[in-house]
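For reference, the structure is listed below as structure tokens.
Just so it is clear, the values below take in all heavy atoms, side chains as well, and ignore hydrogens, waters and symmetry mates.
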Amino acid sequence: MEDENMDQLILVLNQLVLWVAAGAMMFGGVVPYVPQYRDIRRTQNAEGFSSYVCLVLLVANILRILFWFGRHFETPLLWQSIIMILTMLIMLRLCTDIRVASELNTKRRAFAATDSKDEEIKVPKKFFLDFDLKYFWLWSRFMDYLQCVLTFTAFAAYITYLFLDSSVFVETLGFLAVFTEAMLGTPQLYRNYQNKSTEGMSIKMVCMWTSGDTFKTGYFVLNQAPVQFSICGLLQVFVDIAILFQVYYYSRYPQKPVSHTVHTTSAKAL
């Protein structure tokens with residue numbers, strides 16, 4: 001009798017661990033963006049966060065969902081991709097609204113006197129349907145980002161539908177999804193290099209990136225996952241460490257004078 005009770009207890013605990021692991025798999029990926037989202041809302045300044053991070057994650061998770069149709073994987077991973085796409089769209093919405101508000105604020109305060117009459121300086125708007133590569137992913141409306149994501153999804157889904165019977169195409173699609181996600185930190189790394197500063201970037205977010213990617217890569221190695229998974233995981237950890245080094249370097253050796261602009265009011269004074 002005691003043995004049966006012990007077996008039932010072990011079974012319940014195993015099921016509980018599986019549920020917790022599934023929940024962590026689905027929602028763990030979005031946790032690093034919570035402090036970044038709160039920082040952006042609090043400061044009303046999105047300059048420190050690269051919107052190309054959203055682009056990378058959107059592409060990676062759309063490809064992963066399409067890969068699922070060719071080779072089914074665990075359902076929590078599928079839901080993880082869906083939740084991540086929704087999270088990135090929310091981040092894009094916030095960053096776009098704040099950037100546009102900042103541009104409007106600058107435009108309203110910038111006047112050039114002409115014949116004793118103030119003439120407003122126009123800030124050109126950028127739209128997805130203009131097809132101007134110079135302003136790609138730098139548009140003035142959230143709807144333009146949504147149109148781009150839907151267009152890419154439709155095109156990728158059509159190509160996947162045509163070649164779904166090809167195992168080479170399906171495996172390549174899976175590799176592209178993993179490799180694209182491995183490039184996640186690259187836009188932020190480049191943004192920090194351009195700004196010569198990590199001001200405005202959530203260090204908590206990068207620390208969560210690093211810990212999560214390290215755990216994920218260790219899981220790949222211990223479970224003898226396909227070699228491309230381990231290589232891409234190691235690459236992702238390397239990029240995370242490089243960003244953490246930027247945090248240390250630019251804080252210890254500032255490359256430019258500290259700005260005295262008060263960001264918390266720059267976009268609110270409309």
Side-chain angles (χ1 to χ4, degrees), residues 11-38 49 51-95 142 145-146 148-161 164 169-185 202 204-223 225-226 228-230 232-233 236-237 240:
L11 183 62
V12 171
L13 289 176
N14 286 339
Q15 192 64 41
L16 181 61
V17 169
L18 290 176
W19 286 344
V20 171
M25 192 75 71
M26 289 188 292
F27 296 99
V30 305
V31 171
Y33 300 96
V34 174
Q36 182 69 73
Y37 182 89
R38 295 178 62 183
F49 177 73
S51 61
Y52 287 100
V53 169
C54 300
L55 174 61
V56 171
L57 278 175
L58 284 169
V59 171
N61 285 280
I62 289 170
L63 293 180
R64 186 193 289 183
I65 291 174
L66 295 176
F67 175 59
W68 182 85
F69 288 98
R71 183 177 175 182
H72 289 353
F73 46 78
E74 293 86 351
T75 302
L77 288 177
L78 179 64
W79 277 107
Q80 180 195 43
S81 294
I82 296 173
I83 293 170
M84 183 61 74
I85 289 173
L86 294 176
T87 302
M88 290 302 102
L89 291 177
I90 292 172
M91 289 291 295
L92 273 177
R93 179 64 179 267
L94 175 66
C95 292
F142 170 72
Y145 292 96
L146 192 59
C148 179
V149 171
L150 292 176
T151 300
F152 172 78
T153 302
F155 176 77
Y158 178 68
I159 298 298
T160 302
Y161 174 75
L164 196 59
F169 173 81
V170 171
E171 294 300 326
T172 302
L173 185 64
F175 173 77
L176 287 176
V178 176
F179 182 75
T180 304
E181 188 174 0
M183 294 291 99
L184 169 63
S202 173
K204 293 180 182 178
M205 178 187 70
V206 181
C207 290
M208 291 180 183
W209 275 357
T210 307
S211 58
D213 293 338
T214 302
F215 173 81
K216 182 174 62 178
T217 303
Y219 175 85
F220 290 154
V221 173
L222 293 175
N223 288 274
Q228 60 265 37
F229 282 73
S230 300
C232 291
Q236 203 165 355
V237 172
D240 295 340

**Study point:** Side-chain heavy atoms of Thr87 within contact of Phe27, under 4.5 Å
**Key:**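 No, every pair of side-chain atoms sits at 4.5 Å or beyond.
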Practice item. Tell me, with the steps shown, if Phe152 and Leu58 meet side chain to side chain contact (heavy atoms under 4.5 Å, CB included). Key: CA-CA 10 Å; Phe152 172 78; Leu58 284 169; over 6 Å; no
Kindly give the heavy-atom pair with the smallest separation between [X] and [Y], and that separation in Å.
X: Cys232; Y: Val178; result: CB-CG1, 3.7 Å
X: Thr160; Y: Ala156; result: OG1-O, 2.7 Å
X: Ala60; Y: Glu181; result: CB-N, 3.7 Å
X: Ile83; Y: Val30; result: CG2-CG1, 3.7 Å
X: Tyr33; Y: Met91; result: O-SD, 4.1 Å
X: Arg64; Y: Ala177; result: N-CB, 3.7 Å

Check your understanding: Going through the distances and angles, do Ile159 and Phe169 end up as a side chain to side chain contact (heavy atoms under 4.5 Å, CB included)?
Key -> CA-CA 10 Å; Ile159 298 298; Phe169 173 81; 3.9 Å; yes
Within this structure, what is the [atom1]-[atom2] distance for the pair [X] and [Y], rounded to the nearest 0.5 Å?
X: Phe142; Y: Leu94; atom1: CZ; atom2: CG; result: 11.0 Å
X: Phe155; Y: Leu150; atom1: CZ; atom2: CG; result: 15.5 Å
X: Tyr145; Y: Cys54; atom1: OH; atom2: SG; result: 9.0 Å
X: Tyr158; Y: Leu66; atom1: OH; atom2: CG; result: 14.5 Å
X: Leu146; Y: Leu89; atom1: CG; atom2: CG; result: 6.5 Å
X: Ile65; Y: Gln80; atom1: CD1; atom2: CD; result: 10.5 Å

Exercise for review: Mark yes when over 12 heavy atoms from residues, nucleotides or ligands other than Phe179 sit less than 6.0 Å from its CZ; otherwise mark no.
Suggested key: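 Counting neighbours around CZ of Phe179, 12 or fewer heavy atoms of other residues, nucleotides or ligands fall under 6.0 Å, so no.
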Check your understanding: Among Asn61, Leu57, Val56, Leu55, which one satisfies side-chain contact (heavy atoms from CB on, under 4.5 Å) with Val59?
Key ->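 The option that passes is Leu55.
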Exercise for review: Using the side chain to side chain contact (heavy atoms under 4.5 Å, CB included) rule, take Thr214 and Asp240 through it: C-alpha gap first, then chi angles, then the decisive distance, then the call.
Suggested key: CA-CA 10 Å; Thr214 302; Asp240 295 340; over 6 Å; no
